[in-house]
Amino acid sequence: MEDLKLKLKQQIIESLNLQGMEPKDIDDNAPLFGEGLGLDSIDSLELMVLLERNYGIKIEDAREGRKVLSSVQSMAEYIQQNKKV
Amino acid sequence: MMNPVYILSACAISPQHSFEVENFLNLVISADDGKLFVAEPDYRRFINPVAIRRMSRQLKMGIACGMRALQLANVSMPDSIITGTGLGSMTDMEHFLKDMITLQEEALNPTFFIQSTYNSVNGWLALQTKSTGYNQTYVHRGFSIELSLLDAQMFLNEAQTSKVALVGCFDELTADYFVVKSKCEYWKESVPNSLNLLSHNHTNGTIAGEGAAFFALTNEPKQLSCALLGLKLLNLPSSKDFLQEIQGFLSKHGVELKDIDVAIVGKNGDARFEYLYDPTLAAFEVETHVLAFKHLTGEYPTASGFALWLAVQLQHWNQIPKQLILKSGTRPKRNILVINHYVLHTASLMLLQQQ
């Protein structure tokens, strides 16, 4: 799980071009949107693409997506349960 | 005939240091590989730091240039935003198309798609300034900035009260674009240093460039503003027609060729287009200043935006920078004629008057 979270953080930084950030700067449980990393709605679309491209996971339900994308921890747990790649 | 409009401010991002105008041509930038890329300012002064990380160069150029033009005019919210681009956001479009192929149209990044649309710059400028007024982007290759100016002139002429239109242009150069256009003989095969471009006018092709230019225009005459009296677009002009067209255009505005104090010309060292300029330059008075700029910016569809920026700057300069001078003149810098052409046989004229 720890390896997955580290990899996920690296992928988030690269895919969202979070310049000057390193995986250690992202808290596992901090909210990705709003106060935490301060991501926005376009970032959420990018994260959906990240999940689909790297883990074969397609999130069709917006409410489920909001829950999954709330933190690195929630994303990693969802990936572990649902990954196809 | 439409009334003139008045340029309150101008800002340009170009391969030269034009963003901070006091540094313009203090250090001259040149290229030996036929490509002139812009000298980029610190964009973070003008763009939301959260959004900037996913913006392409062209988007940053356009937004920063537009915001700076408004700042210089002391305008926080324009009544309209009208822009022109010949190519749109090439980087984002190239990313998106490459992803379409490599990922077989699955799981494509939304950012490249969203920002590859031609009106991205306008959208961002509207969001940043909270301007909900008329918002338009023209994409017509070599006529893009000209059509934006024409539309702004109509917008400001129709207005019953004082209005400000933010008008601008932007085009970016990418490696792929350069390769594609080299197959269409846009660029010189034997590439001179960019500063020597204009003397290499016996061979076909030119050098590639990019840039952005923005202007705050209003319908009320203001002291020290520059009036845009009119502009004209020409398709496939012949040598003979071109001079006649220029004379006809000037006479409509009560001016003759001999009244032109400064001519800013879009000569680009391409032997195929010298025919447009030679008879015209020969017809100017000895005292007329003739300036050229494409050896400093390279060629791109909205390069006449840079020429317009130069025209606005003239009133601030006691001496015209020597790097611009094609023919030295003695006239005061009041009546200015911009003559430009683009590769696909389109040409444009702009007549300006310092107030």
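Residue numbers begin at 1 in each chain, while the letters A, B, ... track the order of the sequences.
Interatomic distance, CD1 of A:I42 versus OG1 of B:T111, reported as 6.0 Å (0.5 Å rounding).
Without hydrogens or angle criteria, A:R53 side chain to B:A107 main chain gives a donor-acceptor distance under 3.5 Å. Without hydrogens or angle criteria, A:E46 side chain to B:N109 main chain gives no donor-acceptor distance under 3.5 Å.
A 4.5 Å side-chain heavy-atom check between B:R53 and A:D43 finds at least one atom pair inside the cut-off.
In this structure, A:R63 places its CZ atom where only 12 or fewer heavy-atom neighbours from other residues, nucleotides or ligands lie under 6.0 Å away. Within a 6.0 Å sphere centred on CD of B:Q104, other residues, nucleotides and ligands contribute 12 heavy atoms or fewer. Within a 6.0 Å radius of CG in B:N26, more than 12 heavy atoms belonging to other residues, nucleotides or ligands are found. Around CZ of B:F37, the count of heavy atoms belonging to other residues, nucleotides or ligands within 6.0 Å exceeds 12.
If you measure heavy-atom distances from B:L108 to chain A, the contacts under 4.5 Å come from the backbone alone. For a residue to count as touching a neighbouring chain, one of its non-hydrogen atoms must lie under 4.5 Å from one of that chain's; by this rule A:L16 touches chain B with backbone and side chain alike.
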Worksheet item: Which is it for A:D40 and B:R54 under the side chain to side chain contact (heavy atoms under 4.5 Å, CB included) test, yes or no, and what are the steps along the way?
Response: CA-CA 12 Å; A:D40 60 20; B:R54 56 173 170 248; 2.4 Å; yes

